[in-house]
Amino acid sequence: MSSSTSTPVEAGPATTAVVVPRRRRGGGDPGDTRPTNWWATALIAVCSLTVIIPLYLAVAVALKTPAQLADGTGFELPWPINWDNFAVAWERTDFPQALLNTAIITVGSVVFTLFTSSLVAYALARNLHRPFFKGVFYYLLAALFVPFPIIMLPLVKQTSLLGLDNPGGMIVLYTIYGLSLNIFIYTAFIRSIPIELEEAARMDGASTWRVFRQIVFPLLMPMNATVGILTCVWAWNDFIMPLVVLTSPSDRTLSLAQYVFQGQYNTDYTVAFASYLMAMAPLLIIYIFSQRWVISGVMRGSIK
């Protein structure tokens, strides 16, 4: 008769099964298990066609001859490719001079906008508890609701009297008219910066100007990138303000230079579209390399 020996089993702590979320198809965050919203994806794809199709049409027309454009609908692939349109557009628009004028106005507007808007926003953000500064803040925000055509004719008269109908005047106007939106963006971000940083600097003997220059302004880099890109795009692509303000043909910008292709009875579309692409290319290159700063600035501003 054999005897069986039973070994007691000790009760240990309960083990918890760790569920590892499945990785979504197509990559992405492995911890994100949310289903793909195909309706939103389809809507985004359809909306992207509103940009891709006109851009393709512009490139296709710019590389065709007038005869090729007249024989088709415009969407056919250009063959043979006609590069002469760009050479003609370069000469007829005086592209180097127009590019220089646009670059001067754009760079000057961005530099002055970053300095003045951030400084004014800092003064308002730290004094919004005072009635005067709060009134100034709402007064500047109210300018967002004033359409430009309403003040266009008085603007033409004033710029002529003050001698601001030149690229220097355009820089001043872009800086002033951008104050409302830029202060709205800056103020919300500055109020999220801990004031203890400034108080510590003042205890060490730093003046208000030094606090702003060495502490606050470096912390505004995400917003500086956002405001700078928005101002750059606005000043580069604007057509109405240079049209009504600039008086000398030698001061015209790239947007005004496109006027030379508009005749009384017809338009040279192939050369005109080549000129449009030439005017768009520098800003497109800048945006490709700086778009991450815009997205980063918006995200940091929302998180703070």
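Keep in mind it's a predicted model, so treat the numbers as computed, not measured. Values below: every heavy atom of this structure, side chains too, minus hydrogens, waters and symmetry copies.
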Is there a donor-acceptor pair under 3.5 Å between the side chain of [X] and the backbone N or O of [Y]?
{"X": "T41", "Y": "N37", "value": "yes"}
{"X": "N85", "Y": "A62", "value": "yes"}
{"X": "N182", "Y": "L114", "value": "no"}
{"X": "S275", "Y": "V271", "value": "no"}
{"X": "T113", "Y": "V110", "value": "no"}

With the 4.5 Å side-chain cut-off for hydrophobic clustering, are [X] and [Y] part of the same group?
{"X": "M280", "Y": "M278", "value": "yes"}
{"X": "V244", "Y": "W234", "value": "yes"}
{"X": "L141", "Y": "F189", "value": "yes"}
{"X": "W90", "Y": "L63", "value": "yes"}
{"X": "Y139", "Y": "L119", "value": "yes"}

What distance do C47 atom SG and I52 atom CD1 have between them, rounded to the nearest 0.5 Å?
11.0 Å
Any [X] side-chain heavy atom under 4.5 Å of [Y] side chain:
{"X": "L220", "Y": "Y186", "result": "yes"}
{"X": "T253", "Y": "M170", "result": "no"}
{"X": "D238", "Y": "I105", "result": "no"}

ring-ring contact (aromatic ring centres under 6.0 Å, His included) contacts in which one or both residues fall within residues 143-163, not counting sequence neighbours:
none
When the ring centroid of F115 is compared with that of F112, is the distance short of 6.0 Å?
no
Inspect the surroundings of [atom1] in [X] and state if more than 12 heavy atoms from other residues, nucleotides or ligands are less than 6.0 Å away.
{"X": "F184", "atom1": "CZ", "result": "no"}
{"X": "R191", "atom1": "CZ", "result": "no"}
{"X": "R210", "atom1": "CZ", "result": "no"}

Check the orientation of Y122 and F212. Use parallel for under 30°, tilted for 30 to 60°, and perpendicular for over 60°.
tilted
Residue pair L277, V59: steps toward the side chain to side chain contact (heavy atoms under 4.5 Å, CB included) verdict:
CA-CA 7 Å; L277 294 179; V59 175; 4.1 Å; yes
Audit row: V136, R130, side chain to side chain contact (heavy atoms under 4.5 Å, CB included) steps and yes/no:
CA-CA 10 Å; V136 172; R130 301 180 181 180; over 6 Å; no
Could you go step by step and tell me if L283 and T106 meet the side chain to side chain contact (heavy atoms under 4.5 Å, CB included) rule?
CA-CA 10 Å; L283 188 61; T106 302; over 6 Å; no
Evaluate the criterion side chain to side chain contact (heavy atoms under 4.5 Å, CB included) for residue pair Q258 and F239; output intermediate values, then yes/no.
CA-CA 10 Å; Q258 316 305 322; F239 175 77; over 6 Å; no
